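The structure appears right after this line, and notes come after that.
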Protein chains: 2
Amino acid sequence: MDLERSPLALPFPAIPPIAGAVPRISRARYKEWDRCDLTYVEFAEGTSVAGVFTRNVCCSSEVELGREQVRLGRARALVVNAGNSNAFTGYRGREAVEQIMAQVAQHLGCEPSDVFVSSTGVIGVPLPKDKAQAGIAAALEAEPCTWEQAAETIATTDTFAKGALATAVIGGRTITLAGIVKGSGMIAPDMATMLGYIVTDAAVDAAFLQRLLSSASDDTFNCITVDSDTSTSDTVLAFATGQAGNASLASIDDPGADAFAAALQDVCRQLAHLVVRDGEGAQKFIEVRVTGAVSDESARRVGLAIANSPLVKTAIAGEDANWGRVVMAVGKAGEPADRDKLSIGFGGTWAARDGQPLADYDEAPVAAHLKGREIDIEVDLGLGDGHATVWTCDLTHGYIAINADYRS
Amino acid sequence: MDLERSPLALPFPAIPPIAGAVPRISRARYKEWDRCDLTYVEFAEGTSVAGVFTRNVCCSSEVELGREQVRLGRARALVVNAGNSNAFTGYRGREAVEQIMAQVAQHLGCEPSDVFVSSTGVIGVPLPKDKAQAGIAAALEAEPCTWEQAAETIATTDTFAKGALATAVIGGRTITLAGIVKGSGMIAPDMATMLGYIVTDAAVDAAFLQRLLSSASDDTFNCITVDSDTSTSDTVLAFATGQAGNASLASIDDPGADAFAAALQDVCRQLAHLVVRDGEGAQKFIEVRVTGAVSDESARRVGLAIANSPLVKTAIAGEDANWGRVVMAVGKAGEPADRDKLSIGFGGTWAARDGQPLADYDEAPVAAHLKGREIDIEVDLGLGDGHATVWTCDLTHGYIAINADYRS
């Protein structure tokens, strides 16, 4: 099935080479296709790593191993297989991952645990070892590629290559953060994966990098949803090569750590938004801002209940200012809410305040706002100071076409 | 929008008159339509009542009042308004309900709290008092109607009238239970309501009837889902007129109480299944059976995670034996599960056992099963004795058409 480029797509940023992180790609031919589907990134010695992974308990071997590996905090290489998620494949799937780790470790003269592996694609088919072995051998001999080529290679049925870029100044040195990402919840049949990779030339202590990445993910990757379905393979890894020459960051009190944390959060937010912009069938990018909740976490849950509601998402698809559906979604979230204090607005115009439709509600500006590509939903619960912002896309015929009409 | 009759529709059963429960209908014209939209049912003195209501915290005044009324256990009348849910309408909405209760109470010479009111339709528009008053006046003077006519009148954009029938023998007397229901989660734009009513000529103590109804609902109404969106007005009420002349049931140890409980559960199950069969855009009726969970409640949650997964539902719509999506849904349910003990089957054929695809898996019988209208998904978690069955429908272009293409 040929998918049209998302109308919400953004151009790939001009990511420069990142010192100490060199991407290469090859054709492992995990599926019957003639395209690069194996990405190999080699990192300089001393590269620290952090990661966040899916909470799906039926996770892949790649995720199980990756969780153990990030605890060690060191990375020398990343391998990403596209076309086969290797999830739910038992010991045979795990053997395939361990073979990849061993092959790369032998080449680099490092520990197998320094080699991170991700896979994305069909669930339930063990990754073919022979194809992986040949693909890696080819990648090791390939010329370095651009980050845009790497972003294209980790993609499955994504409709555009997704990347992000930010810089920060640490002790007078400008450091660069670049990220690539694929997927959109479950962007294609059987391709249950959002994979994100961030590389920086900054020197950052692994434990500190982990804290920053976990915190940034909470407000970015964990605040997006396309269809509420949590993949078995979701992975975001951050690699810091230390080639920029800054004094290694180990605490938020270190000079420049603030700027680095802000830049990392910026890259995570950019990548998370790009995933939503390539959501299955997405025609509109929706920001849901919840205020007045009893806590930030409560606000996030209310926001996700709205963002996951099929009826809210179809209303936006239909450009229908159907705020009653937002009321319904707030009420089903399982969080503290008081119907008679609830206010709902679209694009800066309140439709209902304090539990009642506004007598002088003018739907004209709301209708105009809903015709656009970028939709804002505002919800004030009127209870406390808790607030959160989550992002999603609309639910359209395109989603059904991708997931039901197309047979795996 | 004209909706086609669901391909999963069942014929309306031959419900006989129920002694002590007389339905009538009229035209309140809550919307611009020429059809009956107000249902009035008068109950004999001594009728007991039980009810279960939406857990949505943004519930309607009808639900708030109904919750208080069922505690008293007495009913003399039921009024159902179709075309306006009166939800999120503040004090004006509540006044409209109280006016209806007062009008009927005056006519019957009973307490206002003996008059139950439900409303279904658009959210955020106060129920017009003048239309309600005229509609009730007309209904009070109308000839009694059939239960099928009542089922048609409580409907909004349901595609077929839904009823259920069961009998039981108590102390040598045959008693009858009849039920009608409307809606399908959120079957139409802004019409966020599942309403169900069960009437029986049996004599049943109100507190006991409440226990039986709550228990039956847990295994029936609370085990169905169309789109995971919980309405602000969901209501199921059971009325027992006592006209059959049996000794009133007050405990499960009373003679015939077993049979009555089984018949009540049967009616609830029939009604719940009919709601799924009229799910928005439904083309297939899906039964998800979960076994081997750590508890029944855990099994139910896993079942609902599967039944609510857009990716599982679109796979069934596409007649695709995509068991990897079932794995994903099990894993995201937040319940105890062990990937390596998990087994998944369709229509009696296992596709994966103990965390791995079956080597000799034959997709042919599964593919044939998925082409039918009635789909079975079996999941064994391999952990304990907990089990549950939930029901849903597939997710099709029809759902998008109903909710996005149609503007409210």
Side-chain angles (χ1 to χ4, degrees), chain A residues 54-59 85 87-90 92 122-125 186 189-190 192 227-232 308-311 314-315 317-320 322-325 327-332 336-340 342 352 354-357 394-397 399-401 403-408, chain B residues 54-59 85 87-90 92 122-125 186 189-190 192 227-232 308-311 314-315 317-320 322-325 327-332 336-340 342 352 354-357 394-397 399-401 403-408:
Chain A
T54 182
R55 291 178 185 130
N56 192 305
V57 298
C58 293
C59 67
S85 82
F88 211 71
T89 54
R92 284 176 292 171
V122 65
I123 292 176
V125 179
M186 293 263 214
D190 293 325
D227 56 9
S228 81
D229 275 344
T230 307
S231 143
T232 48
N308 278 326
S309 162
L311 288 170
T314 48
E319 302 181 347
D320 179 6
N322 196 324
W323 56 267
R325 294 186 184 177
V327 172
M328 174 281 300
V330 171
K332 75 164 187 170
D338 180 339
R339 184 192 61 198
D340 299 332
L342 181 59
D354 300 327
Q356 294 196 58
D394 53 345
L395 174 56
T396 69
H397 284 290
Y399 183 88
I400 307 295
N403 287 301
D405 300 350
Y406 173 72
R407 297 290 306 277
S408 66
Chain B
T54 182
R55 292 180 185 129
N56 193 304
V57 299
C58 294
C59 67
S85 81
F88 212 70
T89 54
R92 284 176 292 170
V122 67
I123 292 176
V125 180
M186 292 265 214
D190 293 325
D227 56 10
S228 81
D229 275 344
T230 306
S231 143
T232 46
N308 277 326
S309 162
L311 288 169
T314 47
E319 302 181 346
D320 180 6
N322 196 323
W323 55 267
R325 294 186 184 178
V327 172
M328 173 281 300
V330 170
K332 77 164 184 169
D338 180 339
R339 184 191 62 198
D340 299 333
L342 181 59
D354 301 326
Q356 293 195 59
D394 54 344
L395 175 57
T396 70
H397 283 290
Y399 183 88
I400 308 294
N403 287 302
D405 299 351
Y406 173 73
R407 298 289 305 277
S408 64

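Predicted model only: the values in this text are computed from it and were never measured. Letters go in sequence order (proteins before strands), and every chain restarts at 1.
- Taking the side chain to side chain donor-acceptor pair (under 3.5 Å) definition, one finds that Thr314(B) meets it with Arg325(B), sequence neighbours left out.
- In terms of the side chain to side chain donor-acceptor pair (under 3.5 Å) criterion, residue partners of Thr89(A) (sequence neighbours excluded) are, by chain and number, Asn86(A).
- Most heavy-atom pairs under 4.5 Å with chain A, from the set Pro357(B), Gly124(B), Gly355(B), Gly90(B): that is Gly355(B).
- Inter-residue side-chain proximity for Ile400(A) and Tyr399(B) is flagged as unmet; no heavy-atom pair is nearer than 4.5 Å.
- Residue with the most contacts toward chain A among Val125(B), Leu395(B), Asp354(B): Leu395(B) (heavy-atom pairs, distance under 4.5 Å).
- Of the two parts of Ala315(A), only the backbone, made up of N, CA, C and O, holds a non-hydrogen atom closer than 4.5 Å to a non-hydrogen atom of chain B.
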